[in-house]
Every structure is written in C-alpha cells, then in structure tokens.
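A quick write-up on the structure given underneath.
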Amino acid sequence: MKAFRFSSAFDFFVILCATEIVRPMCGLAAPANKVEGPIACLGRCVLEAPSEVIGAAVVVFGLAVALLTFGLVTKCRRICRTESLLNKDELTGLPNMEKFKMLCKALVSTRGGVEYMLLSGDICQFKTINDQFGFAMGDSLLRAYAEILQRHVQPEECCARISSDLFVLLLRFETWEQITTRIRNMDEELDAWRRGNNLPYTVRTVFGAYRVDKIQEDDVQLMLDLANYARLEAKRSTGIPVVLYNERMRQEALLRQELSGRLEDALGNGEIQVWHQAKVNMRTGGIIGSEALVRWNHPTRGLLPPGSFIPLFERNGLVTSIDFFVFEQACRDLRSWKLRNLPLHTVSCNFSRLHFDHPHFTDRLADIANHYGVAHHLLEVEITESAIMKNPEAVWMQLIQLKELGFKTAIDDFGTGYSSLGIVQMLEADTLKIDRSFIQRDLPGRRAQIVLGNIIRLAADLSMDVICEGVETAEQSSIIMKLGCFNAQGFFYAQPEPSCDFEARLAMQGT
C-alpha cells in the first residue's frame, strides 16, 4: 500500500487539530500501549462515531478559515500601511514626490481638452520662522499651508509636499490671471494664519509655473525641473508671486551650474580677463581715468559679460576672489603703463559688499598695491549704493581707512537705492557716479533735468567729483554739460575694451 503524504503543512495542521479535537468530542479514548497516528485516529473516529466526526470537522474547518482570514487581513493592513508611508508625507499628510508623479501622469494622460499648469513653490520666510521660533512653529506652518492647498485643490487636480517648504501643484489652466489669483488667495489665507499665531513676518510664497504640453507630459520629473527654474527666477524677482517658465531660464541655470565649479581654473588659465572703459572729460574728450571691468572668455561659450556670472558668485561668496583678481590686474596694468611712460590716470575697481565685513580688507588692498609699486591715489574703490545700504556702518569705517591709506573712493550707481541723500551725507567719498538710469530715462524732460541738476550741484557743494554713467548720445552729453557735469563714462565716448586696446588709446593721447 502506498504511504500517505501530506500535501502541505496546513493539511497536517488541520488533520492534527481534527484528531485532537474530534477524539475528545466523540468520547473516544486512545488505544492502550499503542501510539496512534493522526490518520489512523481520524479513521477510527469516523468508523466508531460518524455524526460526531462531521460536527467536529465543521468546527475545525471554521477555525482554520478564521485563522486564515485573520492572517490575510493582517497582511493586507500591513501592505496598506507600508504603501501609505511610501506615498504620503508624514508631516502634512499630502502626497509625496512619487505619489505626485503617479497622480500627474494619470490626470494628464486622461485630460482630453483640459489644459494644466504645473507649479513649484516655496514659503519665502520659512527659514526665518524656523530659526527664530523653532521647528515646532515651522512644522505648524507647513501643516497649515498643506491644509490650505487641500481646500483649494479641485477635482482633477493634485498637490504634494516634496521637501522642507517645497510644494508642487498640478492645476487646471484657463488663464494666467486665474492661476495668479488662486495663488494670491492661498497666500492671503496663509498670512491670516500667520496673524492668528502672532508671527511678526508677512508670509508669502513664490511659484514657478510650467504649462504642460504634449511633448513633455509623460516626463513629470522634467516638467518639475522646468517649473523649478521659473521658481528660482521668481525668488530673484521682487514682488512677483508666480513666474512662467521660458527656455532662457533653463539656459541661464545650466550656464550657472557649469560656471560655478570652474572659477578657480578660469582664474588660473587666463579665461578671466580685465578690460578698461575710459572716463572722459566731455569738454576736451581727454581721458581722465578708467574703470576696470571683468570679462570671462569662456572656451566654448565665448566672451561672457559680468551679468552672466557675477550674481552667481555674489550669492556663493566667490565674488571676492574675482574682485581681488581685477584689482591686482589693475595694479599690473598701472605698473606697465608707468614703465612704458604712458599717461597715468586713476583706475577704479568695483568691490562687493562682502569685503566690507572683513576687518583686514583695506590692508590687503594696500599690500597688493605696494607689491606692484603703485601709488594709492591712482586706485579708486567703488561700492554700489545698494551694497552700502546692507551695512552702512561697516562700509563707513572701511572707507575712512581707505582714505587714510591714500586710496580714492566712489559711490557707484548713485540714485538706485532708497536712502541716497543719507548716504551722501554719511560717507565722505571722493566721487559720485550717477547711475545710467538717470541718463537713459527721459533726460530731455524738464523734471529729469531738475533732479539731475540738483544732484550735480549737491555733489559740487560737498566737494565731490561727479561722473555720469551710460552716456550714449551727443544730446545726452550736451544736456549733462549744461547741468554742470563735465565727466562721463559711456559708449558715446568709449566702450569697454581689452587692456591692450586701452593702452593704445592712452598712447594716442600721450602723443
């Protein structure tokens, strides 16, 4: 006879349970002096008490089903809990990045004629609130904003928290005004929450927006990246809550990423160059000085103007290396011109506000100038009006030290800030450089001439030289001279040019 085999451990368990339950229920005793297996026991029970066996079997089967159901329910709950943790932000309850991607794909792929806008945004004052009021308040702010988003998100839309204070939304798009109004309404609710919690700072958000198109609709990550480029642009733009993505933003961001790691090499291999733009006496056309300006001669992108890389290095602090490089090259140029008996005039160099937080800044400038044997009065330190306003007391102390060391000083871009007259009163600079916006903005108009004329007279009364920047036409030159200013810098007289070309201009003047 073929031996019986159990098909599974569960079969063995059921039969074992059956024999141990059935035998007592049927009132049957185990045979004396004999070990009886479960199959033999079950067979004897069936023969001796069939009705009782059937009842006991029903009980055993019910117990087995109950145990199996309990196991399945427990496993399902565990799976659901795991999926919830994987797809949901624990702090706010919003979907996380992966869930948002799935929701986006599902909505966009079945949208029919519906247009969508994908937005990436953050809370501007979040870090300040975290630092000053603690993480608990920061978490409360995030939860409050998440609740606001959930109230405003409509059917066939979705939102998520990606990280820290970064949120993303997929909203139905009808008009740009509709999108900005919805963001503004959510901001108003968030600021109302802020007032209710006695926070002193106005809380607002900035968003970058990308209009979903058929080409990119399957790549949610790419669309998020493009919206993020616009978000960074919005953070740099004052008072603009939502900025729509365009290709220029991506190209500029890619350029910044490329340049950010190459500065040290560029300084060492000659890619960073110093050009000069002449300052002239408008009555005679003669050169009275120059401004040293930086250019990046990139090996693949060509000549890059300072506006394409200086703001990047201003943010990460590396602009100080560029400033010192320009200053040192200006000293080299002055020494070269002296050795070649070329006319010597003051060279001005721009310096970031970051320098003025370092107590040894002026000493370093003096050391560089002394190393090249350049008289200090031939070097002028320019600092913009907006940079002065960041820390006016520190700038004031450093400018005093610079004047004591014999350097000249200039307030650059005068008229672009909010406390211009206060700066002129506080800082005894040698030169006031009037911002090009005064020249370019309706200079022939009577009101513009009244304002500019009074600034020129004010500087003269304070024994300050005045230079008008951005002079580009003969008409502008004529008006400025009638107002009493005779020194200018602008394309009408000379464009920025490499050092060798500026030397040729000096040589022509000296003949």
query = Does CH2 in Trp396 sit with more than 12 non-hydrogen atoms of other residues, nucleotides or ligands closer than 6.0 Å?
reply = no

key: Between His355 and Asp323, a side-chain donor and acceptor under 3.5 Å   = yes

ask   = Met282 and Asn487: which non-hydrogen atoms are nearest, and at how many Å?
value = CE-N, 3.8 Å

Working for side-chain contact (heavy atoms from CB on, under 4.5 Å), residues Leu169 and Leu118 = CA-CA 6 Å; Leu169 301 92; Leu118 193 148; over 6 Å; no

key: Side-chain donor-acceptor pair present, Lys279, Ser348, cut-off under 3.5 Å   = yes

task = State, with a plain yes or no, whether a side-chain heavy atom of Val347 is found less than 4.5 Å away from one of His276.
result = yes

ask   = Measuring from Ile434:CD1 to Asp413:CG, what's the distance to the nearest 0.5 Å?
value = 11.5 Å

query = If you look at every heavy atom in His358 and Leu354, which pair is closest and at what distance?
reply = CD2-O, 3.2 Å

Presence of salt bridge, Glu252 and Arg248, under 4.0 angstrom = yes

key: Side-chain heavy atoms of Met97 within contact of Leu224, under 4.5 Å   = yes

query = Can you find a side-chain donor-acceptor pair between Arg182 and Asn185 that sits under 3.5 Å?
reply = no

ask   = Roughly how far apart are Phe324 CZ and Ser352 OG, rounded to 0.5 Å?
value = 10.0 Å

note = Residues Tyr210 and Asp213: closest non-hydrogen pair is OH-OD2, 3.0 Å

inquiry  = Could you check whether Lys127 pairs with Asp165 (Lys NZ or Arg NE/NH1/NH2 to Asp/Glu carboxylate O, under 4.0 Å)?
reply    = no

inquiry  = Show the nearest heavy-atom pair for residues Arg161 and Leu142, with the distance to one decimal.
reply    = NH2-CD1, 3.5 Å

request  = Tell me, with the steps shown, if Thr384 and Arg353 meet side-chain contact (heavy atoms from CB on, under 4.5 Å).
outcome  = CA-CA 8 Å; Thr384 63; Arg353 65 176 180 83; over 6 Å; no

message = Does any part of the side chain of Thr431, heavy atoms only, come nearer than 4.5 Å to the side chain of Val466, both counted from C-beta?
response = no

ask   = Donor-acceptor pair, Gln178 side chain versus Glu174 backbone, under 3.5 Å?
value = yes

message = Could you check whether any side-chain heavy atom of Asn316 comes within less than 4.5 Å of a side-chain heavy atom of Phe313, counting everything from C-beta outward?
response = yes

request  = Answer yes or no: is there an ion pair linking Arg172 with Glu156, defined by an N-O contact shorter than 4.0 Å?
outcome  = yes

request  = Applying side-chain hydrogen bond (donor to acceptor under 3.5 Å, both in side chains), run through Asn350 and Glu291 and close with a yes or a no.
outcome  = CA-CA 8 Å; Asn350 284 283; Glu291 180 178 359; 2.5 Å; yes

inquiry  = Under a 3.5 Å distance rule, please check whether Glu233 uses its side chain to pair with a backbone N or O of Val243 as donor and acceptor.
reply    = no

inquiry  = If we count only N and O atoms by modelled type, under 3.5 Å, do the side chains of Glu380 and Thr409 hold a donor and an acceptor together?
reply    = no

key: side-chain hydrogen bond (donor to acceptor under 3.5 Å, both in side chains) between Tyr245 and Glu247, worked out   = CA-CA 7 Å; Tyr245 166 82; Glu247 181 61 18; 2.8 Å; yes

task = Check whether the side chains of Glu90 and Asn96 place a donor and an acceptor atom closer than 3.5 Å, and report yes or no.
result = no

key: Separation between CD of Glu393 and CD of Gln398, rounded to the nearest 0.5 Å   = 13.0 Å

Derivation of the side-chain contact (heavy atoms from CB on, under 4.5 Å) call for Thr205 and Met186 = CA-CA 9 Å; Thr205 61; Met186 288 187 280; over 6 Å; no

ask   = Quick check, are the ring centers of Phe438 and Phe414 under 6.0 angstrom apart?
value = no

message = How close do Ile450 and Asn454 get, counting heavy atoms only, and between which atoms?
response = O-ND2, 2.7 Å

ask   = How far apart are the C-alpha atoms of Arg332 and Glu328, what are their side-chain angles, what is the distance that settles it, and do they pass the salt bridge (Lys or Arg N to Asp or Glu O under 4.0 Å) test?
value = CA-CA 6 Å; Arg332 287 196 188 97; Glu328 187 165 358; 3.5 Å; yes

query = Distance-only, no hydrogens or angles: does the Gln329 side chain make a donor-acceptor pair with backbone N or O of Gln273 under 3.5 Å?
reply = no

query = Under 3.5 Å, side chain of Thr473 to main-chain N/O of Gln476, donor-acceptor pair present?
reply = yes

request  = Examine the side chains of Thr181 and Glu177 and answer whether a donor and an acceptor come within less than 3.5 Å of each other.
outcome  = yes

query = Can you tell me if Ser308 uses its side chain to pair, donor with acceptor, with the backbone of Leu304 under 3.5 Å?
reply = no

inquiry  = Using only atom types and a distance under 3.5 Å, with no angle test, would you say the side chain of Asp219 pairs donor to acceptor with the backbone of Leu222?
reply    = yes

task = For Asp89 and Thr92, run side-chain hydrogen bond (donor to acceptor under 3.5 Å, both in side chains): C-alpha distance rounded to whole Å, both residues' side-chain angles, the deciding distance at 0.1 Å, then the answer.
result = CA-CA 6 Å; Asp89 174 55; Thr92 64; 2.5 Å; yes

key: Any side-chain donor near an acceptor of the partner, Glu189 and Tyr145, under 3.5 Å   = no

Lys NZ or Arg CZ of Arg256 over Phe309 ring: under 6.0 Å, within 45° = no

ask   = Could you walk me through whether Val212 and Met223 pass the side-chain contact (heavy atoms from CB on, under 4.5 Å) check?
value = CA-CA 7 Å; Val212 177; Met223 292 191 294; 3.7 Å; yes

message = Would you say Thr300 and His298 are linked by a side-chain donor-acceptor pair, where the criterion is simply a distance under 3.5 Å?
response = yes

inquiry  = Can you confirm whether the side chains of Thr202 and Gln125 place a donor and an acceptor under 3.5 Å from each other?
reply    = no

query = Judged by atom type as modelled, is there a donor-acceptor pair below 3.5 Å linking the side chain of Glu157 to the main-chain atoms of Gln154?
reply = yes

Greater than 12 external heavy atoms within 6.0 Å of Met397's CE = no

request  = Say whether, by atom type as modelled, one donor and one acceptor occur between the side chain of Asp501 and the main chain of Ala504 under 3.5 angstrom.
outcome  = no

ask   = Is the gap between the ring centers of Phe351 and Phe356 under 6.0 Å?
value = no

key: Approximate separation, where rounding is to 0.5 Å, of Phe100 CZ and Cys159 SG   = 8.0 Å

query = What is the distance from atom CD of Glu264 to atom CD1 of Ile272, rounded to the nearest 0.5 Å?
reply = 12.0 Å

4.5 Å side-chain heavy-atom contact, Val294 and Val274 = no

key: Side chains of Glu271 and Asn269, donor plus acceptor under 3.5 Å   = yes

task = In plain terms, say whether Arg143 and Glu147 are close enough for a salt bridge, that is, a side-chain N and a carboxylate O under 4.0 Å apart.
result = no

Nearest atoms (heavy-atom pairs only) where Phe207 meets Ala234 = O-CB, 3.8 Å

request  = Mark yes or no for whether Glu497, through its side chain, and Gln277, through its backbone, hold a donor-acceptor pair below 3.5 Å.
outcome  = no

inquiry  = Please report the interatomic distance CD(Gln257) to CG(Leu312), rounded to the nearest 0.5 Å.
reply    = 10.0 Å

task = Using atom types as modelled and distance alone, determine if a side-chain donor or acceptor of Asp412 lies under 3.5 Å from a backbone N or O of Lys433.
result = no

task = In plain terms, say whether Asp191 and Arg194 are close enough for a salt bridge, that is, a side-chain N and a carboxylate O under 4.0 Å apart.
result = yes

message = Can you confirm whether Arg151 is buried at CZ, in the sense that more than 12 heavy atoms of other residues, nucleotides or ligands lie under 6.0 Å from that atom?
response = yes

